[in-house]
Amino acid sequence: MDNDYPNEDDFLQPLRRLKRAEPSPLVWEGILAQTERQEAKEVPMIAWRRVAAAAAIVLLLNTAGIIMAANNNGSQSSAAYGTETSLVTDFQLYD
Amino acid sequence: MHPPADQELLVNIAAGDAAALRHLYDRHASRVYNTAISYLQREVEAEEVTQDVFTKVWRSAGTFKGNSEVTTWLYRIAVNTSLSALRKRKKRNIFSAFGDRELSPPDFDHPGALLEDREETKSLFAAIYRLPDRQKTAFILSYVEEIPRSQVAEIMGNTLKAVESLLIRAKAGLRKQLKANHPHRGINR
């Protein structure tokens, strides 16, 4: 048996008399600042999603435009080639 | 009109109601702060932990499933956040103390200690600081926060028997340290 502590939990007496400590008012202000910061972060994310969606639409339209233009140019260039060769044959310099 | 229950406050916090967070804070900040200060034994760091805990509550109120008391959930967050802060401090100290791995407890005067208990409280908290984490947690929740053992078991995710075993070992460890540091001090005042 331990003679220094006749009641074995006596050494805990100071804890039983301990008063509750209180945090400073600045703690709440810090929490509030964090909650507002978190709300501010969420807005740019929404904006970025909209920008990405708009970019995707523009890209699709451009791609469609390029494909259409490529199909049209195909038929035009054979006509142009025909004109150019007739021009060349019209200019026969040597018989 | 009675004040809203904790669970109701959490539902409102999850919906972005900062006033509900303030209400919960006013009700429970003292629990969180006193838990944190028992681990960290520095007021500034305990305040940072308190701030972190309530910020986590703001972010994750929607994840509270309601299968325990709100205070159980809060204490769990407070314990985990305090232990993380302690580990970070110990890592910083290891690198700055030129390889000295023996980390002394802070010289801590608990702001709630009675004048006549100052020295004993200081020794007691120094001894608490040296306990292994699980014994420390069981001891702080049971003897500093004075939470019922069944709730301590729930907070720690342990059985009641495991908590009681941790407490027996914690008290034995504390007694041994106090005797070693103050061999002539009698306990009866």
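Chain letters run A, B, ... following the sequence lines, proteins first and then strands; every chain starts at 1. Values reported hereafter were calculated over all heavy atoms of this structure, with side chains retained and with hydrogens, waters and symmetry mates removed.
The aromatic rings of B/F125 and B/F108 lie perpendicular to each other, with more than 60° between the two planes, well past the 30° mark.
Taking 4.0 Å as the cut-off between side-chain N and carboxylate O, B/D26 and B/R22 count as a salt-bridged pair. Taking 4.0 Å as the cut-off between side-chain N and carboxylate O, B/R42 and B/E47 do not count as a salt-bridged pair.
Only the side chain of B/Y25 comes within less than 4.5 Å of a heavy atom of chain A; its backbone N, CA, C and O stay farther away. Of the atoms belonging to B/R31, heavy atoms from both backbone and side chain fall under 4.5 Å from chain A.
Side-chain N/O atoms of B/H23 and B/N12 include no donor and acceptor closer than 3.5 Å.
In terms of heavy-atom pairs under 4.5 Å with chain A, the best-connected choice from B/T121, B/N34, B/V32, B/L114 is B/N34.
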